[in-house]
Enquirer: 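Starting off with a structure, shown below.
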Amino acid sequence: MQYAPPDREPRVMLKVARTSDNRDLQRAVAIYRLVDDVVSNDLDLSGAERRMREIRRHVPMWPWWARMAARAVLAASVALQAHGTLGGAGFAMGMLVVVNRTGWLIARGRIPGYYATFVQAALVAGLGIVALHYDVVSSQVYASATAANLVLLLPVSSLVSLAQDAITRFGTTAAVRLVHVVLVFLALFAGIATVGVLTKDARIVGNAQSVRFAALPILFALPAAAIGAAGNGLAAGGTLRLLPFAALMGMLGIAVRTLAHGHFDLPSSLAVLIAAIALGTVAGRLAPRLRLPPGALVTPAIGASLLPAPAVYRSLSAYTAGVPGTGRQLFSALITTAAIGAGIVLGNILGAKKELREPHEPDQNPQEE
């Protein structure tokens with residue numbers, strides 16, 4: 001944080017920050033408004049320090065069980081969008097609860113996140129295999145629920161921020177995020193591969209090519225994305241005031257993506273890029289008026305409308321089964337996810353461009369009045 005008043009010595013405060021995919025939207029909004037008040041000279045240094053201490057003491061707005069339930073709603077939304085059934089959505093929710101609580105237990109032991117991701121990925125694959133082996137679920141239900149939970153383990157926030165930092169020339173932070181993203185993907189591969197080795201029929205994990213993923217009709221996709229985005233916003237600590245905007249942004253994202261991919265036959269990565277540009281543009285225009293950071297409007301919608309769940313499932317499953325062309329499938333899924341960050345940055349620039357060009361009226365000289 002830098003503070004450079006015109007009549008005093010400037011101050012610079014540095015703090016080491018760890019890379020994490022956890023998001024607290026309430027804190028993000030509070031910090032955004034703190035900086036906005038400092039820039040507009042509505043808050044002095046002592047007031048900023050006092051408010052920063054209050055932000056650090058902030059406790060989550062929602063209890064853990066509410067955030068977990070909201071995350072489960074997001075998993076159900078993603079499963080439905082991956083051609084899942086209502087039963088598959090329920091199975092995805094139950095699977096997420098088990099994985100979420102397991103991750104919480106691992107975190108309490110202060111075990112590094114790499115191992116937590118490894119265990120959670122193995123648990124997702126293992127639960128699906130057990131349910132499929134004992135005919136509890138069908139292959140389509142298994143695929144949609146597994147795809148939803150695997151894609152929610154991806155370091156989406158870091159991957160999107162990586163693209164943003166690289167584009168905006170923050171090379172050091174982009175490099176740090178890249179290392180984190182690579183480690184998480186290695187943990188995902190290792191967890192699923194371990195389950196594939198331990199099971200007698202590894203083809204259960206890798207039989208992805210026989211599962212057909214079809215997009216929901218737009219009339220069903222819109223409410224699914226809206227509910228998922230609102231749930232994602234609540235899981236990230238968003239306030240009640242933010243949730244309607246999150247739902248609208250989720251609907252916008254899935255509408256643009258479905259229109260580009262389903263009606264204009266554009267590649268999935270290009271359709272996601274266009275949808276991300278639309279989200280970034282709207283957020284760039286709307287956020288300053290609401291005194292919100294653009295990310296607070298965009299983040300809930302990404303998980304509910306733009307994540308390539310089927311592509312991630314196919315690539316990871318094909319890798320486990322040793323199917324040729326796995327690298328190409330994984331690269332395509334990574335490109336699609338990275339396109340989200342590139343589109344959001346471009347959209348923010350387009351959304352804020354007009355405001356940045358508006359001339360500021362010069363301050364009036366009191367002596368001339």
Enquirer: With no hydrogens and no angle check, is any side-chain donor or acceptor of Arg27 less than 3.5 Å from a backbone partner on His58?
Expert: yes
Enquirer: Taking all non-hydrogen atoms of both residues into account, name the closest pair between Ala79 and Ala89 and its distance.
Expert: CB-CA, 4.3 Å
Enquirer: Is the backbone N or O of Val141 less than 3.5 Å from a side-chain atom of Ser144, with the two atoms forming a donor-acceptor pair by type?
Expert: yes
Enquirer: Residues in salt bridge (Lys or Arg N to Asp or Glu O under 4.0 Å) with Arg291, at least two apart?
Expert: Asp36, Asp37
Enquirer: Quick check against the 3.5 Å criterion: does Arg289 have a side-chain atom that pairs as donor or acceptor with the backbone of Arg285?
Expert: yes
Enquirer: Mind checking the CG-CG spacing from Leu292 to Leu286? Nearest 0.5 Å is all I need.
Expert: 8.0 Å
Enquirer: With the 4.5 Å side-chain cut-off for hydrophobic clustering, are Leu222 and Leu80 part of the same group?
Expert: no
Enquirer: Can you measure from CD1 (Ile277) to CD1 (Ile349) and round to the nearest 0.5 angstrom?
Expert: 10.5 Å
Enquirer: Which ILVMFWY residues can you reach from Leu105 by hopping between side chains whose heavy atoms are under 4.5 Å apart?
Expert: Trp104
Enquirer: Applying the 4.5 Å side-chain criterion to the ILVMFWY set and letting contacts propagate, would Ile344 and Met251 be lumped into a single cluster?
Expert: no
Enquirer: What is the minimum heavy-atom distance between Ala174 and Asp165, and which atoms define it?
Expert: CB-CB, 3.8 Å
Enquirer: If hydrophobic clusters are built from ILVMFWY residues whose side chains come within less than 4.5 Å, do Leu259 and Leu248 share one?
Expert: no
Enquirer: Residues in side-chain contact (heavy atoms from CB on, under 4.5 Å) with Pro267, at least two apart?
Expert: Ser269, Leu270
Enquirer: When rounded to the nearest 0.5 angstrom, what distance separates CD in Glu49 from CZ in Arg53?
Expert: 6.5 Å
Enquirer: Short question: side chain of Ser158, backbone of Pro155 - any donor-acceptor pair under 3.5 Å?
Expert: no
Enquirer: Let me check something: any side-chain donor-acceptor pairs from residues 293-310 under 3.5 Å, sequence neighbours excluded? List them with distances.
Expert:
unit_1 : atom_1 : unit_2 : atom_2 : d
Thr299 : OG1    : Gly295 : O      : 2.7
Ser305 : OG     : Ala301 : O      : 2.7

Enquirer: Between side-chain atoms of residues 111-121 and protein atoms elsewhere (two or more places apart, or another chain), which donor-acceptor pairs fall under 3.5 Å?
Expert:
unit_1 : atom_1 : unit_2 : atom_2 : d
Thr117 : OG1    : Gly113 : O      : 3.1
Gln120 : NE2    : Val99  : O      : 3.1

Enquirer: In a table with atom names and distances, give each donor-acceptor pair under 3.5 Å that connects a side chain of residues 146-154 to protein atoms at least two apart or in another chain.
Expert:
unit_1 : atom_1 : unit_2 : atom_2 : d
Thr146 : OG1    : Tyr142 : O      : 2.7
Asn149 : OD1    : Leu96  : N      : 3.4
Asn149 : ND2    : Ala92  : O      : 3.3
Asn149 : ND2    : Ala145 : O      : 2.9

Enquirer: Name all residues meeting the side-chain hydrogen bond (donor to acceptor under 3.5 Å, both in side chains) criterion together with Asp42; count only those two or more places apart in sequence or in a different chain, and write none if there are none.
Expert: Ser40
Enquirer: Which atom pair, heavy atoms only, marks the closest approach of Ala122 to Val195?
Expert: O-CG2, 3.3 Å
Enquirer: When Ile, Leu, Val, Met, Phe, Trp and Tyr are grouped by side-chain heavy atoms lying under 4.5 Å apart, directly or through other members, which residues fall in the same group as Met68?
Expert: Trp64, Trp65, Val97
Enquirer: Compare every heavy atom of Leu279 with every heavy atom of Gly253, then report the nearest pair and how far apart it is.
Expert: N-CD2, 3.9 Å
Enquirer: Does Val256 belong to the same Ile/Leu/Val/Met/Phe/Trp/Tyr cluster as Leu219, with side-chain heavy atoms less than 4.5 Å apart forming each link?
Expert: no
Enquirer: Heavy-atom distance under 4.5 Å between the side chains of Gln26 and Pro60, does that happen here?
Expert: no
Enquirer: Can you tell me how far CD1 of Ile55 sits from CG of Asp24, rounded to the nearest 0.5 angstrom?
Expert: 10.5 Å
Enquirer: Cluster partners of Leu234, using ILVMFWY side-chain heavy atoms under 4.5 angstrom, listed by chain and number?
Expert: Met61, Trp62, Leu240, Leu243
Enquirer: What's the shortest heavy-atom distance between Phe91 and Ala131, and which atoms?
Expert: CZ-CB, 3.7 Å
Enquirer: Under a single-linkage definition using a 4.5 Å side-chain heavy-atom cutoff for Ile, Leu, Val, Met, Phe, Trp and Tyr, are Ile218 and Ile274 assigned to the same hydrophobic cluster?
Expert: no
Enquirer: I'd like to know whether OH of Tyr32 has more than 12 heavy-atom contacts from other residues, nucleotides or ligands below 6.0 angstrom.
Expert: yes
Enquirer: Kindly give the heavy-atom pair with the smallest separation between Ala342 and Ile167, and that separation in Å.
Expert: CA-CD1, 3.7 Å
Enquirer: Is it the case that the side chains of Ser77 and Gln81 hold a donor-acceptor pair, with the cut-off being a distance below 3.5 Å and no angle test?
Expert: yes
Enquirer: When rounded to the nearest 0.5 angstrom, what distance separates CG in Leu34 from CE in Met52?
Expert: 5.0 Å
Enquirer: Dump the intermediate steps for side-chain contact (heavy atoms from CB on, under 4.5 Å) on Leu266 and His261, then the final yes or no.
Expert: CA-CA 5 Å; Leu266 296 179; His261 183 61; 5.6 Å; no
Enquirer: Taking side-chain hydrogen bond (donor to acceptor under 3.5 Å, both in side chains) as the definition, give me every residue that meets it alongside Ser46, ordered by chain and number, with sequence neighbours left out.
Expert: Asp44
Enquirer: Return the CG to OG1 distance between Leu178 and Thr173, rounded to the nearest 0.5 Å.
Expert: 11.5 Å
Enquirer: How would you list, by chain and number, every residue that makes a side-chain hydrogen bond (donor to acceptor under 3.5 Å, both in side chains) with Asn100, sequence neighbours excluded?
Expert: none
Enquirer: Would you say the side chain of Leu290 lies within less than 4.5 Å of the side chain of Phe245, judging by non-hydrogen atoms?
Expert: yes
Enquirer: Apart from Phe331 itself, what residues make up its hydrophobic cluster when side-chain heavy atoms of I, L, V, M, F, W and Y under 4.5 Å apart count as a link, directly or indirectly?
Expert: Ile335
